[in-house]
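Report on the following structure.
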Amino acid sequence: MSPAQLLGRALTDIRKVQNFLELNYPDQGDAIQMQREAGDLIWNLIQSMQQQQQGQQ
């Protein structure tokens, strides 16, 4: 797997945990916010990697 694919898999897992927390523990705002921020960070990294890859082609 490429680094972008590995990050994509990590992002999927982060979003699953985020959704689980939102549905089952909505009072855990700090944990939900941390999951959201981690997911957004990884998403931005994936986007950056894809843009770099497109620039090299």
Side-chain angles (χ1 to χ4, degrees):
M1 291 182 106
S2 73
Q5 289 172 319
L6 292 171
L7 287 171
R9 194 161 76 179
L11 177 59
T12 298
D13 290 344
I14 287 170
R15 294 299 190 210
K16 284 180 184 177
V17 173
Q18 177 186 342
N19 289 335
F20 175 81
L21 289 171
E22 288 173 346
L23 291 172
N24 297 295
Y25 302 97
D27 59 328
Q28 295 295 316
D30 289 342
I32 293 167
Q33 183 63 30
M34 285 187 280
Q35 290 293 118
R36 187 173 294 129
E37 289 173 1
D40 291 348
L41 178 65
I42 291 178
W43 174 249
N44 289 332
L45 186 56
I46 292 169
Q47 293 292 100
S48 176
M49 292 172 77
Q50 289 176 342
Q51 288 174 356
Q52 286 178 352
Q53 217 172 31
Q54 289 173 356
Q56 292 174 356
Q57 293 177 353

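For the pair A10 and I42, the tightest heavy-atom approach, listed with the atom from each and the gap, is CB-CD1, 4.3 Å. The nearest pair of heavy atoms linking I32 to Y25 is CD1-O, 3.8 Å.
For Q18 and E22, the side-chain atoms include at least one donor-acceptor pair closer than 3.5 Å. Looking at E37 and Q33, their side chains do bring a donor and an acceptor atom within 3.5 Å of each other.
We find the CZ-OG1 distance between R15 and T12 to be 9.5 Å, quoted to the nearest 0.5 Å. D30 contributes atom CG, which lies 12.0 Å from atom CD of Q35 (distance to the nearest 0.5 angstrom). Between the CG atom in L7 and the CG atom in N44 there is a gap of 11.5 Å [rounded to 0.5 Å].
Around atom CD of Q47, more than 12 heavy atoms belonging to other residues, nucleotides or ligands sit under 6.0 Å away.
Follow the hydrophobic side-chain contacts under 4.5 Å out from L11 and you reach L45 in the same cluster. Residue I14 is grouped with residue M49 when hydrophobic side chains (ILVMFWY) are merged at heavy-atom distances under 4.5 angstrom, including chains of intermediate members.
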